[in-house]
Amino acid sequence: MDAAGVHETGPAARALPVEFYARATLTVARQLLGKVLVHDAPDGGAAGIIVETEAYIGEGDPACHASRGRTPRNAPLYGPPGRAYVYLNYGMHWLVNAVTEPEERPAAVLIRALEPIEGLDLMRSRRARDGVVLDEVRLCRGPGNLTRALGIGAAQNQVSLRRGGLRIEDRGLPRRSVLTGPRIGIRVGIDRPWRFWIAGSPCVSGSGGQSAN
DNA sequence: CGTTCGATGCACT
DNA sequence: GTGCATCGAACGT
């Protein structure tokens, strides 16, 4: 609560509660669309609207990191919901997930793309490469790109998404129509339509998206 | 200890 | 559409 004890209006109030994450992963993946991923880092803050997600669910999902059982690396998947699971992929890209489901049920939602809304200049400088200026649409398109733009890395693994520098907030943005289709960038489990994105958003990765639903 | 390979991004053909 | 950069986790000797 704030000083007046009336109503809390800061970041902590807008951050999604643990109950949001402690549900079926497909539900969380869909409902994270339109929410805002925020990272207040030492070198500055930046934020964007989540426009693309993918669900990775349990040891029975061959594309989920938990498919071969619990390991030190994937331990965050087995931990409490509402925390971040951040790991290095292909030796160069940090990918950020929101851990879902009740504790001990390994599952998470991969954040794949954002529409940048805050800290655009900082994002550009973080992503600057050979002096090329990136347009807003490409700034956070792709899971490895958005972590770089937001300054997310190993230090954010397992942090709470409810308080602290890394948060996901509900800012009451208007609901937009959602499409679903197969997950991309994986070689197994492509039969499951567990990718979700906001229809028509230019910031969505891959083809941007025609598919069913 | 060596080998494989991945929830990618980007340049290039 | 193909190839490559780059590295640590996982697994098989």
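Sequence lines set the chain letters: A, B, ... in the order given, protein chains first and strands last, and positions in each chain run from 1. No experiment lies behind these values; they were computed from the predicted model shown.
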*Can you check side chain to side chain contact (heavy atoms under 4.5 Å, CB included) on Leu114(A) and Ile49(A), steps first, answer last?*
CA-CA 5 Å; Leu114(A) 309 174; Ile49(A) 304 167; over 6 Å; no
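- The closest side-chain heavy-atom distance from Tyr21(A) to Val109(A) is not below 4.5 Å.
- Protein atom CG of Asn89(A) is 6 Å distant from nucleotide atom C1' of dA7(B), rounded to whole Å.
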*Start with the C-alpha gap between Ser67(A) and Glu59(A), add the side-chain angles, then the distance that decides, and say whether side chain to side chain donor-acceptor pair (under 3.5 Å) holds.*
CA-CA 4 Å; Ser67(A) 63; Glu59(A) 297 181 344; over 6 Å; no
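- For Met92(A), counting side-chain heavy atoms from C-beta on, the closest listed nucleotide (dC10(B), dA7(B), dA5(C)) is dA5(C).
- Here the C1' atom of nucleotide dG8(C) and the CG atom of Asn74(A) are 14 Å apart, to the nearest Å.
- Rounded to a whole Å, the CD1 atom of Ile190(A) is 12 Å from the P atom of dA7(B).
- Listed nucleotides: dT8(B), dA7(B), dA10(C). Nearest to the side chain of Tyr56(A): dA7(B).
- Computed from coordinates, the Arg148(A) CZ to dG9(B) P distance equals 11 Å when rounded to whole Å.
- Distance from the side chain of Thr71(A) is smallest for dA10(C) among the nucleotides dG6(B), dA10(C), dG9(B).
- Within the nucleic acid shown, Leu110(A) comes within 4.0 Å of at least one base atom, counting heavy atoms only.
- In a base pair of the Watson-Crick type (N1 to N3 plus N6-O4 or O6-N4) or a G-U wobble (N1-O2 and O6-N3), with each distance short of 3.5 Å, dA7(B) is matched with no nucleotide.
- Among the nucleotides dA9(C), dG6(B), dC10(B), the one closest to any side-chain atom of Asn145(A) is dC10(B).
- Nearer to the 5' terminus of DNA chain B, by closest-nucleotide assignment, is the contact made by Leu95(A) (compared with the other of Leu134(A) and Leu95(A)).
- Applying the 4.0 Å criterion to OP1 and OP2 of dG8(C), one finds that Arg73(A) has every side-chain N and O outside that range.
- Taking atom CZ of Arg68(A) as the reference point, atom C1' of dT4(B) lies 10 Å away to the nearest angstrom.
- Of the candidate nucleotides dT8(B), dA7(B), dG8(C), dA7(B) has the atom nearest to the side chain of His65(A).
- Residue His93(A) places its side chain closer to dG9(B) than to any other of dG9(B), dA10(C), dA7(B).
- Arg183(A) comes within 4.0 angstrom of no nucleic acid atom, judged by non-hydrogen atoms across all strands.
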*List the steps and the verdict of side chain to side chain donor-acceptor pair (under 3.5 Å) for Arg138(A) and Asn145(A).*
CA-CA 8 Å; Arg138(A) 296 186 180 192; Asn145(A) 287 331; over 6 Å; no
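- In this structure, the nucleotide among dG9(B), dA7(B), dG6(B) sitting nearest to the side chain of Arg127(A) is dG9(B).
- Looking at Leu161(A) and Arg167(A), their side chains never come closer than 4.5 Å, going by heavy atoms from C-beta outward.
- One interatomic measurement links the two molecules: OH of Tyr85(A) to P of dA9(C), which rounds to 10 Å at whole-angstrom precision.
- Between Trp94(A) atom CH2 and dA9(C) atom P the separation is 9 Å, expressed in whole Å.
- Rounded to whole Å, atom P of dT8(B) lies 7 Å from atom OH of Tyr87(A).
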